[in-house]
Amino acid sequence: MKKNISIIEGDGIGPEIMKQTIKILRTITNKYDHDFHYKKAIAGSMAIEKFGNPMPEETINSCLNSDAILFGCVGDPKHDNNPIGMRPEDGLLELRKKMNLYCNIRPIIVYSKINKSPIKKEILNGVDFIIYRELTGGIYFGKKGRSENGEKAYDHCIYSKKEIERIGKMAFEAALSRKKKVTVVDKANVLETSKLWREVIKKMGVDYPDIDLDFLYIDNAAMQIIMNPKKFDIVLTDNMFGDILSDEASVITSSLGLLPSASIGENKRSMFEPVHGSYPQAKGKNIANPLGCILSASMMLGYFEMYKEKNLLEEAVKKSIENKICTPDIIDSHSSSTTEEVGSYISQYIQNQ
Ligand code: IPM
Ligand code: MN
């Protein structure tokens with residue numbers, strides 16, 4: 001199968017984790033005789049420095065013309081105080097918006113061999129839930145600004161019924177092939193947007209009689225995710241709450257470095273990116289965990305309906321963990337491997353099957 005893939009390495013550890021991911025994809029495509037074309041595009045701090053724009057038009061066009069996008073991560077402390085629209089993160093938000101990638105899927109899977117979570121083991125065993133985070137609306141994209149004297153600031157949070165329905169449908173459908181439970185996380189005791197979420201999703205629930213639908217306030221959900229994570233199946237939530245809950249949920253898995261995500265839009269347009277940020281402190285040190293990016297590539301293979309390939313890649317990741325070929329975020333640092341070694345192990349494992 002032939003596929004055109006836009007590659008955005010981004011900032012910080014982005015180029016390192018992407019290098020390993022592409023190395024592994026090449027092994028897979030050779031083995032299964034696929035033809036993947038990778039087209040690099042720039043975004044984030046490098047794009048700000050080169051073009052004065054964190055998401056150049058050319059990058060967006062390249063993404064719009066590809067079958068999928070693999071995205072590393074963006075963010076650089078030297079641009080933290082740039083004006084609105086000129087931070088590396090703004091480039092990512094613009095891409096999500098322009099491509100209409102409204103449904104962000106973040107699976108939370110616990111690998112029993114990793115033991116770096118501060119949470120008790122008995123709470124963690126068997127945790128398996130997915131966060132469905134709305135990605136192109138809410139407070140992230142509402143009008144924002146400052147008063148003239150700069151002493152007041154605002155960020156509007158707006159949701160339409162249509163925006164809630166389209167991700168609601170994705171979440172209900174996903175639950176049907178899993179544990180058949182959808183938990184909506186909101187703040188309906190305070191926010192009007194959350195009240196709309198509840199109304200819309202409750203109505204949709206009538207068409208999904210087999211789904212056990214419940215609602216939690218965000219403060220309560222933040223506690224339950226740590227106290228009793230097994231009770232979740234599909235967590236459906238807005239942009240901001242989903243952002244916060246996914247970092248929190250990473251504590252269950254031991255490391256944010258492990259978490260992949262897929263962002264799906266209208267016409268099934270899709271981008272795949274790890275949940276973590278650019279981790280500038282680790283840049284160039286060969287210590288970053290490439291698994292978040294590699295597992296994002298595996299979600300991409302699923303999106304291409306290459307299920308054998310996806311399963312083999314996930315098996316290889318599991319083997320790397322079982323054999324303790326891991327970066328220092330998920331294993332004792334005296335016995336850890338480098339970013340490169342993890343990528344090579346996985347690639348070699350696939351080659352040998
Ligand atoms: C994420 C990130 C982004 C977000 C940042 C980099 C803008 O934290 O994908 O979770 O807040 O959505
Ligand atoms: Mn985040």
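Keep in mind that this is a model prediction, so the values were computed, not measured.
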For Y140, is the NZ or CZ atom of R133 found under 6.0 angstrom from the centre of its six-membered ring and inside 45 degrees of the ring axis?
yes
Does the side chain of E173 pick up a donor-acceptor pair with the side chain of Y208 at under 3.5 Å?
yes
Look only at the side chain of K179 and the backbone of F232, and say whether a donor-acceptor pair between them is shorter than 3.5 Å.
yes
Residue that, paired with S194, satisfies side chain to side chain contact (heavy atoms under 4.5 Å, CB included) out of F241, F215, Y159
F241
Does any N or O in the side chain of S270 come within less than 3.5 Å of the main-chain N or O of A68, such that one atom is a donor and the other an acceptor?
no
Assess the side chains of D76 and H79: does a donor N or O sit below 3.5 Å from an acceptor N or O?
no
Would you mind reporting whether I5 and D67 have side-chain heavy atoms less than 4.5 Å apart?
no
Is a side-chain donor or acceptor of D90 paired with a backbone partner of R87 at a separation under 3.5 angstrom?
yes
Side chain R269, main chain L64, donor-acceptor under 3.5 Å:
yes
Find out whether the Lys NZ or Arg CZ of K308 is both under 6.0 angstrom from the six-membered ring centre of Y32 and within 45° of the ring's axis.
no
Measure from the side-chain N and O atoms of S296 to the backbone N and O of P260, and report whether any donor-acceptor pair falls under 3.5 Å.
no
Please answer whether the main-chain N or O of E163 pairs with a side-chain N or O of S160 as donor and acceptor at a distance below 3.5 Å.
yes
Please check: side-chain N/O of K31 versus main-chain N/O of Q353, any donor-acceptor pairing under 3.5 Å?
yes
Do V317 and I330 sit in one hydrophobic cluster, given that two such residues count as connected whenever their side-chain heavy atoms are within less than 4.5 Å of each other, even indirectly?
yes
Closer than 3.5 angstrom, by distance alone: can the side chain of D11 be matched with the main-chain N or O of G75 as a donor-acceptor pair?
yes
Donor-acceptor contact below 3.5 Å, side chain K230 vs main chain N125
yes
Separation between CG of L312 and CE of M306, rounded to the nearest 0.5 Å:
13.5 Å
Hey, is the main chain of S112 close enough, under 3.5 Å, to the side chain of K121 for a donor-acceptor pair?
yes
